[in-house]
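The structure appears below as structure tokens.
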Amino acid sequence: GSDGSPSSPRSASTASTALGWPWPWPWYAPLVLGPLVPVAAHLKWCHRGHWTGSHHFATRNGFLRRRTKVVPYYRIQTVIDSRTPFQRRWRVATVTADTAGSLSLVGHDAAAVDVDAATADALRDTLATRLRAALAARRGWTDDRDGADAATDAGARTATDAGANEDDDDPPDADRP
């Protein structure tokens, strides 16, 4: 009871804190859950991916809480290539397609996480090129530059689109003007 006998729940928690274990779960919980951490990390890594279609960019992240983000190219505001010190060590990067209203301060943008550095550079360039092309098509812009610059840009865009769009099975939209 209240006299400090071991049957009191308060005295049991005080005894575990006095013994140096301040958490509410038993001392053997980390021993049981510890081996599951690498398995969970591997499953999270295996379930990451990105896809560049003809009109959209899509990403998938997570295992238990899978999040799939699909972003039309014309909605992208900024393409962010970020690399933490750990990512630089393993030569990987995160490419994020930042959009308006996507809670980018808390990390809810469409992000291709832990892609190798060369793929990240190509993806960043592809997203930027497709953003410009989507905006030009949407707004009816014409290319007013001289023929040499336009041909060079079109050749680079075609090469980039061909390399990044090999698996593109997206049918053309019939309702697009």
Side-chain angles (χ1 to χ4, degrees), residues 20-138 149 152-171:
W21 188 256
W23 296 291
W25 54 81
W27 63 269
Y28 55 85
L31 296 175
V32 173
L33 298 176
L36 297 178
V37 171
V39 173
H42 177 72
L43 289 173
K44 184 177 179 180
W45 178 77
C46 286
H47 289 89
R48 288 183 170 165
H50 67 279
W51 175 76
T52 53
S54 57
H55 301 289
H56 299 85
F57 171 63
T59 62
R60 180 189 68 203
N61 289 305
F63 173 67
L64 294 175
R65 289 184 57 192
R66 178 172 292 179
R67 295 182 184 260
T68 302
K69 307 286 180 154
V70 179
V71 179
Y73 292 123
Y74 67 89
R75 294 280 184 195
I76 296 173
Q77 288 188 340
T78 309
V79 179
I80 304 166
D81 183 345
S82 61
R83 300 166 199 230
T84 66
F86 299 108
Q87 286 178 321
R88 285 192 296 268
R89 179 178 179 163
W90 291 101
R91 294 179 182 90
V92 295
T94 298
V95 178
T96 305
D98 185 28
T99 60
S102 62
L103 299 173
S104 61
L105 294 176
V106 291
H108 290 292
D109 285 320
V113 181
D114 291 343
V115 294
D116 65 298
T119 303
D121 293 339
L123 182 60
R124 184 189 63 234
D125 294 340
T126 299
L127 288 176
T129 301
R130 291 188 183 192
L131 167 62
R132 286 190 297 274
L135 287 177
R138 189 166 178 83
D149 287 342
T152 304
D153 188 36
R157 188 177 317 129
T158 304
T160 303
D161 288 348
N165 208 11
E166 292 173 353
D167 298 330
D168 187 8
D169 295 329
D170 189 27

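This structure is a prediction, so every number in the text was calculated from the model and none was measured. Residue indices begin at 1 and follow the sequence shown.
Taking CZ from F57 and OG1 from T96, the interatomic distance works out to 8.0 Å, rounded to the nearest 0.5 Å. From D98, atom CG reaches atom CG of L127 across 12.0 Å, with rounding to the nearest 0.5 Å. Between N61 atom CG and R67 atom CZ the span is 9.5 Å, to the nearest 0.5 Å. Rounded to the nearest 0.5 Å, atoms NE2 (H56) and CZ (R75) are 10.0 Å apart. Remark: T68 OG1 to H47 NE2 distance equals 11.0 Å, nearest 0.5 Å. Taken to the nearest 0.5 Å, the CG atom of D114 stands 5.0 Å off from the CD atom of Q87.
The minimum heavy-atom distance linking A100 with Q77 is given by the pair CB-NE2, 3.4 Å. Closest approach of A111 to T94, counting heavy atoms only: CB-CG2, 4.1 Å. Between V39 and P35 the shortest heavy-atom distance is CG2-O, 4.0 Å. Of all non-hydrogen atoms in R83 and A93, the two that sit nearest each other are CG-CB, 3.5 Å. Nearest approach of L123 to A112, heavy atoms of both residues: CD2-CB, 3.8 Å. The shortest non-hydrogen separation linking V79 to A128 is CG2-N, 4.3 Å.
A donor-acceptor contact shorter than 3.5 Å is absent between the side chain of R91 and the backbone of A117. Side-chain atoms of R130 come within 3.5 Å of backbone atoms of G53 as a donor-acceptor pair (strictly under, hydrogens ignored).
By the 4.5 Å heavy-atom criterion applied to side chains, V95 and H50 are not counted as neighbours. In this structure, the side chains of T52 and Y73 come closer than 4.5 Å at one or more pairs of heavy atoms.
Listed by chain and residue number, nothing satisfies the salt bridge (Lys or Arg N to Asp or Glu O under 4.0 Å) test with R66 (two or more places apart in sequence, or in another chain). The ring pair (Phe, Tyr, Trp, His ring centres under 6.0 Å) check on H42 picks up nothing, with sequence neighbours excluded. Among residues two or more places apart in sequence or in another chain, the salt bridge (Lys or Arg N to Asp or Glu O under 4.0 Å) test is passed with R124 by D81, D121.
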